[in-house]
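Report on one structure; see the data block that follows.
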There are 2 protein chains.
Amino acid sequence: MARRKDHTHEQIQTLAIESLQQHLAEQPLGNMSLRKLAQRIGYSPGTLINVFGSYDQLLLSVNAATLDSLSAQLTLQPAAEQQENKQQPLQRLLAYGQSYLQFAEQNRYLWQLLFEHRLPEGEEVPDWQQQRIDGLFHTVEQALTQVAPQANAATVQQAARTIWASVHGVCSLSLDDKLFADSLTDAGAMIESLIRNYVMAWSNQADV
Amino acid sequence: MARRKDHTHEQIQTLAIESLQQHLAEQPLGNMSLRKLAQRIGYSPGTLINVFGSYDQLLLSVNAATLDSLSAQLTLQPAAEQQENKQQPLQRLLAYGQSYLQFAEQNRYLWQLLFEHRLPEGEEVPDWQQQRIDGLFHTVEQALTQVAPQANAATVQQAARTIWASVHGVCSLSLDDKLFADSLTDAGAMIESLIRNYVMAWSNQADV
DNA sequence: ACCTGAACACCGTTCAAGT
DNA sequence: ACCTGAACACCGTTCAAGT
């Protein structure tokens, strides 16, 4: 049998991605499979391969959406606080770090997939992914530039990446309980300590 | 057929672990399987399950060994430098961070397995693993105590974990090229900047 | 043209049957 | 007692055959 045409390819993509996201809201990727996903949305495994090219690319599509919602959560700040923080870039960086942690905690399986999914063997983080990541860095760079206007672009860029990767490391080990027992509460304090101390010393020393 | 008894269970464990380590020196875990591993060492898949309990526990055994060699590389320092650094805990922390990065770069697939392997669903990082991790933290804590003798134990402990997780984050994103293009060289600089700035501000502020 | 479902080459695990 | 190898329930992917 064949010939259903109930949905366009685009609609099938949306169905599959949303179904997988729904699964990852509660369970890790390991409990899902291309076959199960196909069954969930009422198509055969072959159709999903047709539409996405491969299971790996389906996962990449979910990661694209995850990067977008991460980006949305990070840039979203209550209007009142934005006003307040206009002259307080350090506060903004601290809030940024906490938002990142919050996102990781609230979307742990999406987050795991985003950082642990490896492309088959080839190269190339896709362009759109690198661009989205660059956008996230950019916000950090803006805040750092305000903190240390005398610093040159390369220095700011490196500091932004350092802060970012550090916060990421705390979140990563904390979510996996690979740091200590009571990680949920302490991770926030560690990120605060990390950003506050790093920015303080960095701004006093950067390109003076 | 059956009844070989060419090796004791312990010998089979060693054979399997070494064979997997050899594989991970060049290729990611995904290219290996229990069945391939069994074939490599001349036994059936069932035997490996008998000896290790499951494929997962075999992987855990490799991780135990990885933690040991990581620990060995970190505590190993040239005698001359040890002398030199006796009064320079910051230098020791910097060297520690670089050693960590070096280990991750030189053993990327072992390192990936160590941090990405998840226990089936249950709880419990095994005791021996937590103890080994605690030992690694302890070295960092010792150096921090020298930097800020006035700080209390809890503060030092948190700072040690913060530094550790941060360095880990830089290594992790750097190895996956998820930070930027030229990661190999810059990761070292980022770790240096990270430790130097954090420790500087932290020591001035901790429990004064 | 689109989709299916059987087929292919795998996977970790179990366990009756051999020695 | 120890090990095997077939069997089981999966997996991602391919592709001839249907509509």
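What you see is a predicted model; the values in this text were computed from it and never measured. Keep in mind that the numbers below use all heavy atoms, side chains included, and drop hydrogens, waters and symmetry copies. So that the names make sense, note that chain A is the first sequence line, chain B the second, and so on, each numbered from 1.
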Holding to salt bridge (charged side-chain N to carboxylate O under 4.0 Å, His left out), I want the full list of residues that pass it with D68(A), two or more places apart in sequence or in another chain.
R132(A)
Between [atom2] on [N] and [atom1] on [X], what's the gap in Å once rounded to a whole number?
X	N	atom1	atom2	result
L48(B)	dC3(D)	CG	P	11 Å
D6(B)	dT19(C)	CG	P	17 Å
Y43(A)	dT4(C)	OH	P	7 Å

Under a 3.5 Å distance rule, please check whether S71(A) uses its side chain to pair with a backbone N or O of L67(A) as donor and acceptor.
no
Check this one for me: any side-chain N or O of T47(B) less than 4.0 Å away from OP1 or OP2 of dT4(D)?
yes
Should H9(A) be listed as having a side-chain N or O under 4.0 Å from OP1 or OP2 of dA1(C)?
no
Kindly give the heavy-atom pair with the smallest separation between A187(B) and S174(B), and that separation in Å.
CB-OG, 3.4 Å
Once ring-ring contact (aromatic ring centres under 6.0 Å, His included) is applied, do any residues pair with Y109(B), and if so which ones, sequence neighbours excluded?
none
Please name all residues satisfying ring-ring contact (aromatic ring centres under 6.0 Å, His included) with F103(B), sequence neighbours left out, ordered by chain then number.
none
Using a cut-off of 6.0 Å, state whether more than 12 heavy atoms not belonging to Q39(B) lie near its atom CD.
no
Quick one: CH2 on W164(B) to CG on L173(A), what's the gap to the nearest 0.5 Å?
9.5 Å
Just the table, please: protein N/O against nucleotides 9-13 of chain D N/O, every pair under 3.5 Å.
residue, atom, partner, partner atom, Å
dC11(D), OP1, S33(A), OG, 2.7
dG12(D), OP1, L34(A), N, 2.9
dG12(D), OP2, L34(A), N, 3.0
dG12(D), OP2, R35(A), N, 3.3
dG12(D), N7, R35(A), NH1, 2.4
dG12(D), O6, R35(A), NH1, 2.6
dT13(D), OP2, Y55(A), N, 2.9

With sequence neighbours left out, write down each residue that passes side-chain hydrogen bond (donor to acceptor under 3.5 Å, both in side chains) with E116(A), or none if nothing qualifies.
R118(B)
Dot-bracket for DNA chain D, 5' to 3', counting Watson-Crick or G-U wobble pairs under 3.5 Å, with [ ] for crossing pairs and | for inter-strand pairs?
||.|||||...|||||.||
